[in-house]
Amino acid sequence: MSGDQLHNDSQIDSGSRTNDSHKHKDKHKDREHKHKDHKKDKEREKSKHSNSEHKDSSEKKNKDKDKVKHKDGSSEKHKDKHKDKRKDEKSKSSSRETKIKKEKENGFASPPQIKAEPESNHCLSPKHNKSLKRERDDDDTDFKPKKIKIENEKKAKKRKQDQEDIKPKKKTKDKRGTAADGKKRVKKEPEEKWKWWEEERYTDGVKWKFLEHKGPVFAPDYEPLPSKVKFYYDGKPMKLSPQTEEVATFFAKMLDHEYTTKDIFRKNFFKDWRKEMTSEEKSILTDLKKCDFTEMSEYFKAQSEARKQMTKEEKLKIKEENERLLQEYGFCVMDNHKERIANFRIEPPGLFRGRGDHPKMGMLKRRIQPEEIIINCSKDSKIPPAPAGHKWKEVRHDNKVTWLVSWNENIQGSIKYIMLNPSSRIKGEKDWQKYETARKLKKCVDRLRNQYREDWKSKEMKIRQRAVALYFIDKLALRAGNEKEEGESADTVGCCSLRVEHIKLYPEMDGQEFVVEFDFLGKDSIRYYNKVPVEKRVFKNLQLFMENKQPEDDLFDRLNTSILNKHLQELMDGLTAKVFRTYNASITLQQQLKELTNPDENLPAKILSYNRANRAVAVLCNHQRAPPKTFEKSMQNLQTKIDSKKDQISASRRELKSAKADAKVRRDEKTKKCVESKKKAVQRLEEQLMKLEVQATDREENKQIALGTSKLNYLDPRISVAWCKKWDVPIEKIYNKTQREKFAWAIDMAEEDYEF
DNA sequence: GTGTGCACTTAGGAACCCTGAG
DNA sequence: CTCAGGGTTCCTAAGTGCACAC
C-alpha cells in the first residue's frame, strides 16, 4: 500500500464517479454478475483533495482528542488496488484526509462510556410522545425561542397567550377565509415578515387549512425549425414530421455532450424516438448512425449566441416577462399567508440524463399535458383553470400533504410534485423539527453507542450486522442504503446495501491495525473512498460477515433499512438512520467552530475559519463537486494578484524607509506626517495581501468540496447564527439572501449562546 | 417480513446573472 | 464599457422513510 501515496501531486486522483457496473442482486438469490463493459468514459473523476495545510492544522488541534480512541483517518489516497473493475479506471482516490479531524470532532473519539450529557436519559422514553408536534413544544422551552431571554417563564407564558390569541383567529379565519380574504392580508405582509415560528403548529398530520394557487406553468409548445435547417439521413435531406423533429432536436441539442456517444444512451434514444415517428419515417430511419443532426445543432448554437447578443432592452423585456410569470404563478396562499412556490413550471420534455451509469439514459421524457395533472388545493379556494381546451386529470383537496400539483413521470414511473419554497412555513417547520430531532439524539448518543458496541458481541447475526452498520452510519456518516431495483438506475449503494466487493480488510496497514478500505459509489454516483481503522471487534465481525460470500453478495445480508430504522425507533422516538448524518454534521460544525475560531483574528480570517469548519462537515458527508473548469486558471490569476501585491508592498516599504531616514534628518512636521502616511499605506497593502492569501487558501481547499449541500441541509443554522453574533460577523457573510430567507427562523431565534 | 406507492429531503451540475478589474 | 469569473438560482435526479396491502 504504501506505494500508493500518490499523492503528491495534487492532482490527485480522481475518484471517479464512475461506475462500474456490477449488478448484483438481491439478497439471497444468486446473483448474476454482469459486468459491464464499458469503461467509464470520461466521466469525470472527482477527487478529493485535501489540503495539507488545512489538515495539519486541524490535526494539531485535535491531537489531544486523538489519543483517545482511534485515530483513524488516515486516508491515503488510494490507488488502484481494486482489481476488479475499477482497475482500469483511473482510479483516483479521493483522499479524504480531512476526515481525520472530523472524527474527533464529533466526539466519537471519546470513550463511550461517559456521562456526558446531563440529561442523557432524556430520550429514553421512546414511545410516548408520539406526536411530533408535541415534541417540539416541549423542546421549545429548552431552546429559548426568541429573543427575550430573561425569565423564561414569563416569556413562555406570554407566548402561549399570544398564540392563543392569534391562532384561533387565524385558523378560524382561514377556514373559511375566502380567497379574497386571504389575499388581502397577504398584501401587507411583506413589510413585516411573518414569524411562523412563533405560532402554534398543526398536530395530527394536517398540513394546512386553506390553500389556493394558480396551477402550474406548462413548457412552451414546440416550435418547428425553419425549413432551411435540414436533417439528413444517409447524406440526404429529409423533412421530419413535427413530432419526430421535436425529439430529434432534443438529441441535436446534446450533440456535443459526451453521452450522445454512449451506446446505452443512443440505444435508448433511438428506441424512444422511433416510437414518435410516422410509419413512413419509421421505415426509413433505421440506423442512428446515418442520422445527421449537425445542421440542427449549429442552428441552436447560433440561437444561443444570438440570445447572448441581444440588446439590453430585449433582455429586459424577457426579464420582465419572467417576473410577471413569477408574480402570477410563483406564489400561493396557504393559511392566510402568501408563500413562494419552489418549482411552478412543469418539467419540459427532453432526453433523460441520469447520473452515473444510468441504464435509462437517453430515454424520452414526455411532454406533460394538463390531462395528466392533479391539482391539490382547498375546497373553498379558487380552483385554477386548466389551459383553454383542456382539463385537469383531477382536482383534490388533501390537506394532509404539502404539494400543490403532481404528475407522473414516465422514466422511473415516479410522481413529481410542485411544492413550496424552503422559506415557507411548511418547509421551515419541518426543517426546524429535523434539527430538534438531531439534538435529541445528542442527548442519548452515548447510550446508543454503548448499546451498539454491546451488540457487536451478540449471538445473533442479525443484531451484529445491525450494530456494525450502525457504527458505520454513526462514525462515517454513511447514508442508510435502501435497496434499489436492479436495472432501474445506476448501481449505487449506502450502508445497508454495501456489498462484499465494496470493502477490503487490512489487519494492518501503515502502522495501523484493523483498517477497512471503503470504495463504492453512493448517491448520484459519487465515489466514496476511505480507509478507516476500526475497532478489533468490528473488524472481526466484518470478516465473519464476508465468509463464504461472493464479491457481489450483500455484506449485511440479514439487514435492511427497515429493520435498522425499526430498531432505531425503539431506541429513541423519531430516530432514523439519517438523523445521525444531521447530528454528526451539526455537532462537527459546532466543535470545529469552537476550535478554529481565533478571537484575535480579523473578519476574513474568521470567515476562513467558518469555511473550514463547514468544509470539515462537507468532507465528512462526502459532498464533492467537479473541480470548476476554470479552477487552475483562476487560481493562477489570484496568485498573480498576490505577487503584484507583494511587489507593491516592498516598494511601499522602501518608500517608508527612506521617508523615515529623511525624517530623522529633517525632523519637521511635514516629514513626520509623510512617514505616518507611508506607514498607513504599507499597512493597508498588507491587509489587502492577507485578504488575498486567505481567499487563495480557501479556494484551494475547496477545489473539489461542495459546501452548499451541508450548509443547506445538515447544519443547524442556529449554530451559525450564534457564531456570527458571538464574533460580530455579519450574517450576510455566511448566508446569502436566499439562505437568509430559508433560515429566517434561526436568525430570529438564536442567541449567541445557542448550543446545538 | 415483503413489496409497492407515495411524500418529501437531499444532491450536483447547468444556466443565468452580477460585479469589479482593466 | 467589456468581459471573465464566481456566486446564485434553477433544475430535476436520487435518495430516505413511512404506510399499507398481502
Side-chain angles (χ1 to χ4, degrees), chain A residues 17 26-27 44 46 205 207 254 257 304 307-308 312 315 318-319 322 326 342-348 350 352-356 358 360-361 365 374 376 398 400-403 406 408-409 411-422 426-427 430-431 434 479-485 488-490 492-497 521-526 558 560-566 568-569 574-579 581-582 585 618 621-626 628-631 633-635 637-638 640-641 695 699 702 704-714 735-739:
Chain A
R17 7 171 88 260
D26 357 25
K27 327 190 125 225
R44 91 74 159 30
K46 312 190 110 188
K207 303 290 171 55
M254 306 170 84
H257 200 296
S304 87
R307 222 169 306 129
K308 272 187 226 150
K312 251 188 263 200
K315 281 184 183 163
I318 294 180
K319 210 172 156 189
N322 278 336
L326 172 67
N343 56 321
F344 55 89
R345 291 170 203 274
I346 299 287
E347 296 173 16
F352 177 80
R353 317 139 90 119
R355 296 178 190 159
H358 199 117
K360 299 190 173 180
M361 65 172 79
K365 206 166 96 159
I374 301 174
N376 192 34
D398 181 357
K400 298 289 204 334
V401 297
T402 67
W403 53 267
S406 75
N408 280 120
E409 159 268 351
I411 304 288
Q412 305 285 5
S414 64
I415 306 170
K416 299 272 195 168
Y417 303 94
I418 288 182
M419 293 186 191
L420 298 194
N421 195 76
I426 209 146
K427 294 292 184 189
K430 198 88 185 291
D431 205 37
K434 171 180 77 187
R479 294 186 185 82
N482 282 315
E483 48 260 85
K484 317 167 58 177
E485 219 174 310
E488 291 295 297
S489 61
T492 61
V493 298
C495 187
C496 294
S497 50
L521 298 179
K523 182 176 178 178
D524 293 328
S525 291
I526 295 291
R558 309 288 175 86
N560 61 37
T561 54
S562 128
I563 295 170
L564 178 64
N565 282 335
K566 208 165 280 172
L568 292 175
Q569 178 60 37
L575 187 61
T576 62
K578 89 187 187 93
V579 177
R581 249 168 104 79
T582 309
C621 295
N622 201 35
H623 292 143
Q624 300 189 27
R625 63 165 181 174
K629 286 185 269 299
T630 55
F631 187 83
K633 190 156 66 128
S634 82
M635 222 48 216
N637 290 349
L638 239 190
T640 310
K641 274 192 202 164
Q695 201 186 340
R699 194 180 297 172
N702 231 26
Q704 33 204 188
I705 312 247
L707 301 186
T709 303
S710 49
K711 199 186 237 186
L712 242 39
N713 301 299
Y714 289 104
Y735 290 139
N736 67 27
K737 183 155 147 312
T738 310
Q739 294 167 159

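Because the structure is a prediction, the values reported are computed rather than measured. Quick note on labels: first sequence line is chain A, next is B, and so on, each numbered from 1.
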With 3.5 Å as the limit, what N/O pairs link the protein to nucleotides 3-7 of chain B?
from  : atom 1 : to       : atom 2 : distance (Å)
B/dA7 : OP2    : A/Tyr417 : OH     : 2.7
B/dA7 : O5'    : A/Tyr417 : OH     : 3.4

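- Side-chain contact between A/Lys578 and A/Arg479: absent, with no pair of heavy atoms (C-beta onward) separated by less than 4.5 Å.
- For A/Asn421, the side-chain hydrogen bond (donor to acceptor under 3.5 Å, both in side chains) partners two or more places apart in sequence, or in a different chain, are A/Ser423.
- A donor-acceptor pair under 3.5 Å is absent between the side-chain atoms of A/Gln624 and the main chain of A/Ala706, judged by distance alone.
- For A/Thr561, the side-chain hydrogen bond (donor to acceptor under 3.5 Å, both in side chains) test picks out A/Asn482, with sequence neighbours left out.
- The separation between A/Lys308 atom NZ and C/dC3 atom P is 12 Å, rounded to whole Å.
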Hey, what are the protein-to-nucleotides 10-13 of chain C N/O distances that come in under 3.5 Å?
from   : atom 1 : to       : atom 2 : distance (Å)
C/dA13 : OP1    : A/Lys365 : NZ     : 3.1
C/dA13 : OP2    : A/Lys416 : NZ     : 2.4

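- Between the A/Asp431 side chain and the A/Lys427 main chain, no donor and acceptor come within less than 3.5 Å of each other.
- Nucleotide C/dT9 holds its P atom 12 Å from the NZ atom of A/Lys711, rounded to whole Å.
- Summarising the geometry, the separation between CG on A/Asn713 and C1' on B/dC8 is reported as 12 Å, rounded to the nearest angstrom.
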- request: Please step through side chain to side chain contact (heavy atoms under 4.5 Å, CB included) for the pair A/Leu420 and A/Thr402, ending with a clear verdict.
  value: CA-CA 8 Å; A/Leu420 298 194; A/Thr402 67; over 6 Å; no
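- Spacing between atom NZ of A/Lys434 and atom P of C/dT16 amounts to 15 Å, rounded to whole angstrom units.
- Within the 4.0 angstrom heavy-atom criterion, only backbone atoms of the sugar-phosphate kind lie near A/Gly522; the bases stay farther away.
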- request: May I have the step-by-step check of side chain to side chain contact (heavy atoms under 4.5 Å, CB included) for A/Lys484 and A/Thr492, ending in yes or no?
  value: CA-CA 9 Å; A/Lys484 317 167 58 177; A/Thr492 61; 2.6 Å; yes
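- Computed from coordinates, the A/Leu564 CG to B/dG1 P distance equals 15 Å when rounded to whole Å.
- Partners of A/Tyr735 by side-chain hydrogen bond (donor to acceptor under 3.5 Å, both in side chains), not counting sequence neighbours, listed by chain and number: A/Ser720.
- For A/Lys427 and B/dT9, the NZ to P distance is 4 Å, given to the nearest whole Å.
- One can place CZ of A/Arg581 at 17 Å from P of C/dA14, the figure rounded to the nearest angstrom.
- Using a 4.0 Å cut-off, no side-chain N or O of A/Lys737 falls inside it from OP1 or OP2 of C/dT8.
- Applying the side-chain hydrogen bond (donor to acceptor under 3.5 Å, both in side chains) rule to A/Glu347 yields the partners A/Lys365, A/Lys416; only residues at least two apart in sequence or on another chain are considered.
- Not counting sequence neighbours, the partners of A/Lys400 by the side chain to side chain contact (heavy atoms under 4.5 Å, CB included) test are A/Val206, A/Asp398.
- Distance CD (A/Glu488) to P (C/dA14): 11 Å, rounded to an integer number of Å.
- The aromatic rings of A/Trp403 and A/Tyr417 sit tilted relative to each other, their planes meeting at an angle between 30° and 60°.
- Residue A/Tyr714 has no polar side-chain atom (N or O) positioned under 4.0 Å from OP1 or OP2 of B/dT9.
- Counting only N and O atoms by type, the side chains of A/Ser414 and A/Glu409 include a donor and acceptor under 3.5 Å apart.
- Nearest-nucleotide mapping onto DNA chain B: of A/Thr709 and A/Ser562, the residue sitting toward the 5' end is A/Ser562.
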What nitrogen or oxygen pairs link the protein and nucleotides 16-20 of chain B at under 3.5 Å?
none

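- Here A/Gly481 lies in heavy-atom contact (under 4.0 Å) with sugar-phosphate atoms only.
- With sequence neighbours excluded, the residues that form a side chain to side chain contact (heavy atoms under 4.5 Å, CB included) with A/Ile563 are A/Lys462, A/Leu559, A/Asn560.
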statement: Once base and sugar-phosphate atoms are separated, protein heavy atoms under 4.0 Å mark nucleotides 17-22 of chain C, 5' to 3', with B, S and - as BS----
Distances for protein N or O near nucleotides 5-7 of chain C N or O, under 3.5 Å:
from  : atom 1 : to       : atom 2 : distance (Å)
C/dG5 : OP1    : A/Lys633 : NZ     : 3.3
C/dG5 : OP1    : A/Asn637 : ND2    : 3.0
C/dG5 : OP2    : A/Lys633 : NZ     : 2.9
C/dG6 : OP1    : A/Arg699 : NH1    : 3.3
C/dG6 : OP2    : A/Ser634 : OG     : 2.7

query: What do the steps show when you test A/Cys496 against A/Leu564 for side chain to side chain contact (heavy atoms under 4.5 Å, CB included), and what is the final call?
result: CA-CA 9 Å; A/Cys496 294; A/Leu564 178 64; 3.9 Å; yes
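- A/Thr582 pairs by the side chain to side chain contact (heavy atoms under 4.5 Å, CB included) definition with A/Lys434, A/Tyr435, A/Ala438, A/Tyr714, not counting sequence neighbours.
- Between atom CZ of residue A/Arg345 and atom CG of residue A/Leu326 there is a gap of 8.5 Å, rounded to the nearest 0.5 Å.
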field: side chain to side chain contact (heavy atoms under 4.5 Å, CB included) assessment of A/His358 paired with A/Ser489
entry: CA-CA 5 Å; A/His358 199 117; A/Ser489 61; 3.7 Å; yes
